[in-house]
Participant: 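Could you have a look at this structure, given as C-alpha cells, before my questions?
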Amino acid sequence: MPEAPKNTPKATEYSPLERNKKVLQFIEDVTIKADEVQKKVLAEILSRNAHVEYLERHGLGGYTDREIFKKIMPVITYEDIQADINRIANGDKSPILSSLPISEFLTSSGTSGGERKLMPSIEEELERRSLLYSLLMPVMNQSVPGLDKGKGMYFLFIKSEAKTPGGLVARPVLTSYYKSSHFKERPYDPYTNYTSPNETILCPDSYQSMYSQMLCGLCLNKEVLRVGAVFASGFIRAIKFLEKHWTLLCNDIRTGLINPLITDPSVREAVMKILKPDPKLADFIEAECRKGSSQGIITRLWPNTKYVDVIVTGTMSQYIPTLDYYSNGLPLVCTMYASSECYFGVNLNPLCKPSDVSYTLIPTMAYFEFLPVHRNNGVTTSINMPKSLSEKEQQELVDLVDVKLGQEYELVITTYAGLYRYRVGDVLRVAGFKNKAPQFNFICRKNVVLSIDSDKTDEVELQNAVKNALNHLMPFDVTLTEYSSYADTSTIPGHYVLYWELRTNGSTPIPPSVFKDCCLTIEESLNSVYRQGRVSDKSIGPLEIRIVETGTFDKLMDYAISLGASINQYKTPRCVKFAPIVELLNSRIMSCYFSPKCPKWIPGHKQWTNMN
Ligand code: AMP
C-alpha cells in the first residue's frame with residue numbers, strides 16, 4: 001500500500017532524510033512508552049465523548065479511568081450497535097457514538113445480514129490514517145535505500161459510493177482516502193511519486209482507470225523502482241489486464257495517441273502529459289508480451305523493480321506462487337495492517353518472508369485490547385462462539401503491553417470515531433516485541449471460509465446459500481449427502497468452487513440447466529461484497545459446482561483419519577485448502593457447471609432503496 005504524503009513531521013518542513021529520522025524516532029518513542037500512550041489515548045477518547053449517548057447508556061459518562069471502563073463497558077460486535085448505526089445513517093445527528101460529527105460511513109468488507117458493515121468515521125481520522133501511511137517509507141528506506149530516485153507503479157482504484165437515507169456518504173475507506181485532499185493535494189515528495197496520475201486513480205470507470213494506469217506505468221517503465229496494489233489479488237488482475245490488452249497499449253505508445261475507448265477527458269489530459277510516441281518502447285513491450293509466457297513479466301518490463309508491495313498475509317497468501325512467477329521471486333512486501341474501523345500497524349521488517357510478516361500496532365491509533373483465543377488443531381473454533389462474552393471472558397481481555405509471546409488473540413478496539421470495545425474479528429498471534437509494543441502475525445479472519453478478493457464468506461452464509469440452491473433439485477428426488485468448497489485462484493479472476501456429492505433416488509436425469517440455476521442461486525444468496533466483486537469489480541469469476549462420485553467424501557474422511565484426525569470428532573470440512581485433499585476431490589469429478597450470469601447487485605444497502 002502506498003504511503004501518505006503528510007507526515008508526522010510535516011512533509012514540507014524537513015528534508016526527506018531528516019523526516020525519515022524523525023519518523024523512526026516517533027516509532028521508537030511510542031513503542032517505548034506503549035502503555036502510557038495507550039492510557040492517554042483511552043482517556044482522550046473517553047473524556048471528549050463523555051456525554052455521548054452510548055457511554056451514558058452504559059453508565060460510563062465522564063469516567064476516563066481504564067479500570068472503570070473495562071469493568072463497565074461490554075465487549076461488542078457490530079450487531080450490538082447496529083441500531084445506533086442505523087439511527088445515524090437515517091439522519092439522527094445527536095451525539096450517539098461520538099461527540100464530533102460523523103463525517104461519513106466507511107463500508108467494510110465484513111458483512112452483517114448480507115450487507116456491508118457501516119463504520120462511522122470522523123474528519124480527523126484522515127489525519128490518523130495519513131500518519132500511519134507516513135511511517136511506511138522511512139521504514140522501507142532502511143532496507144531498500146534509494147527509493148526516492150524513482151517511481152512507484154501502484155494500481156489504485158476507487159469504488160462506488162452511496163448516500164445513506166440521512167445523507168451521509170458511505171464508501172470504502174480507500175475511496176475516501178484517495179478522494180481526500182490528503183492524497184489529492186499531497187505536496188511533492190520523492191517517496192510518494194507514482195506513475196499513475198491522480199486522475200487515473202480517481203476515474204470511476206474501472207476499465208479506463210486500469211488501462212490508463214497500466215499505460216502510464218509502461219511509458220515510465222525504466223523509472224519504476226517498486227510496484228504494487230493494496231491486495232495481491234488486485235495486482236494480479238493488473239498483470240492479467242496487460243496480458244489481454246497489450247496490443248492496444250503498445251499501439252498507444254507507438255503512436256503517442258491514447259485509445260479512443262478512454263473517454264474521460266481528465267484521464268486523457270493527464271495521460272497525454274506522459275504519453276509520447278516511442279516506437280522503440282512499444283516494440284520492446286510487444287516482443288516481451290508476444291512470448292506468451294508471463295513468467296518474470298514484472299522484471300522484464302520494469303527492469304529496475306526492487307520489490308512488489310502487496311498484502312499477501314491472511315487469505316491473500318493463496319496468491320504468493322502466482323506473484324513469485326510474475327516477478328521471478330522479487331521480495332513480496334506487506335507494509336501495513338488496517339481496516340475500515342481503524343488503521344492498526346506497520347511491518348517494521350518489510351523484507352522478511354511473507355510467512356514471517358508481523359505488524360507492530362502503533363499505540364496512538366486507537367486503544368487496543370486482546371481477547372485470548374483457544375484453537376483446536378489450528379482451526380479457529382469460532383463458528384459456534386457466542387456473540388456476547390461471559391463475565392469471565394470479559395475479564396480475560398488484556399492490554400497491548402500485556403500480551404504473551406506465542407499466544408493468539410482476537411483484536412478488540414476503542415476508536416476516536418466511536419467504537420468502544422469493538423471486536424474486529426481478526427485473530428493475531430504475538431510474534432515478538434518492538435520495545436514494549438507487540439508485533440503480531442495475522443492468523444485469520446474469524447469464521448471466513450472462502451475469499452477471493454475482499455469478499456469474506458462464512459460457513460453460515462455458505463450453508464444458507466447451498467440450502468436455497470437445493471430447492472432447484474426438489475423435483476428430482478436427489479439428496480445432497482455432503483458438500484465442501486474451495487477458493488480456486490488458478491483462474492484469474494479466482495472463483496468459488498463447490499463440491500457436491502449427491503444421492504439420486506429418482507430416475508429423472510437432472511438437466512445441466514438445473515445445476516447452473518443452483519450456481520446462480522448460491523451467488524444470489526451470498527453477501528453484497530461477493531456480489532459486488534462479481535458484478536462491479538469483476539474480481540471474482542462465476543461460481544462453479546463440481547459433482548463428485550458417490551463415496552468421495554468417505555474417501556476424504558479416510559484420508560483425514562490417515563493423517564491423524566479422530567473418527568469420533570471428524571466433521572466434513574466445509575472448505576478445503578490442503579492441496580492433496582483438493583486433488584482427491586478433483587480426481588473424482590463427474591461433471592462441472594458454472595453460473596450462467598452475474599447475480600444482482602446494487603450499490604448501497606438493500607434497505608436504503610425503500611427509504612428517503
Ligand atoms: P475492511 O474493513 O474491508 O477494510 O477489511 C479489513 C480487514 O482486512 C481486516 O480486519 C483484516 O481481516 C484484513 N486485512 C487488512 N490488512 C491486512 C493484512 N495486512 N494482512 C491480512 N489481512 C489484512
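This one's a predicted model, so the numbers in the text were calculated from it and none came from an experiment. First listed ligand is number 1; within each ligand, the first listed atom is number 1.
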Participant: May I ask you to identify the nearest protein heavy atom to atom 6 (C) of ligand 1, giving residue, atom name and distance to one decimal place in Å?
Facilitator: S339 CB, 3.5 Å
Participant: When you measure from atom 20 (N) of ligand 1 to every protein heavy atom, which one gives the shortest distance, and what is it?
Facilitator: T313 OG1, 2.6 Å
Participant: Run the numbers on K159 and D537 for salt bridge (Lys or Arg N to Asp or Glu O under 4.0 Å), then give the verdict.
Facilitator: CA-CA 8 Å; K159 292 196 182 182; D537 307 343; 2.9 Å; yes
Participant: Specify the protein heavy atom at minimum distance from atom 8 (O) of ligand 1: its residue, its atom name, and the distance to 0.1 Å.
Facilitator: K456 NZ, 4.1 Å
Participant: Parallel, tilted or perpendicular: which fits the ring planes of Y337 and Y359, with parallel below 30° and perpendicular above 60°?
Facilitator: tilted
Participant: From S454 OG over to I452 CD1, what is the distance, rounded to the nearest 0.5 angstrom?
Facilitator: 11.0 Å
Participant: Kindly indicate, with the supporting measurements, whether the criterion salt bridge (Lys or Arg N to Asp or Glu O under 4.0 Å) is fulfilled by R48 and E124.
Facilitator: CA-CA 13 Å; R48 72 148 75 149; E124 66 169 47; 3.1 Å; yes
Participant: For the pair F368 and F370, name the ring-plane relationship: parallel under 30°, tilted 30 to 60°, perpendicular over 60°.
Facilitator: tilted
Participant: What is the closest protein heavy atom to atom 1 (P) of ligand 1, and at what distance does it sit?
Facilitator: S340 OG, 3.3 Å
Participant: Please state whether the rings of Y177 and Y133 are parallel, tilted or perpendicular, taking 30° and 60° as the class boundaries.
Facilitator: tilted
Participant: How far is atom 7 (C) of ligand 1 from its nearest protein heavy atom, and which residue and atom is that?
Facilitator: R445 NH1, 3.8 Å
Participant: Among the heavy atoms of M336, does any lie under 4.0 Å from an atom of ligand 1?
Facilitator: yes
Participant: May I ask you to identify the nearest protein heavy atom to atom 11 (C) of ligand 1, giving residue, atom name and distance to one decimal place in Å?
Facilitator: D426 OD2, 3.2 Å
Participant: Could you tell me whether ligand 1 has any atom less than 4.0 Å away from a heavy atom of Y359?
Facilitator: yes
Participant: Any nitrogen or oxygen of S108 lying under 3.5 Å from a nitrogen or oxygen in ligand 1? Just yes or no.
Facilitator: yes
Participant: Could you find the nearest protein heavy atom to atom 17 (C) of ligand 1 and give me its residue, atom name and distance?
Facilitator: Y337 CD1, 3.6 Å
Participant: Kindly indicate whether atom 15 (C) of ligand 1 is approached by any protein heavy atom to under 4.0 angstrom.
Facilitator: yes
Participant: Quick one: which of R445, R429, K446 gives a salt bridge (charged side-chain N to carboxylate O under 4.0 Å, His left out) with E410?
Facilitator: K446
Participant: Can you tell me how far apart OG (S103) and CD (E123) are? Round to the nearest 0.5 Å.
Facilitator: 5.0 Å
Participant: Note the single closest protein heavy atom to atom 3 (O) of ligand 1, along with its residue, its atom name and the distance in Å.
Facilitator: S109 OG, 2.5 Å
Participant: So, applying salt bridge (charged side-chain N to carboxylate O under 4.0 Å, His left out) with E523, which one of R531, R534, K600 is it?
Facilitator: R534
Participant: Heavy atom of A338 under 4.0 Å from ligand 1?
Facilitator: yes
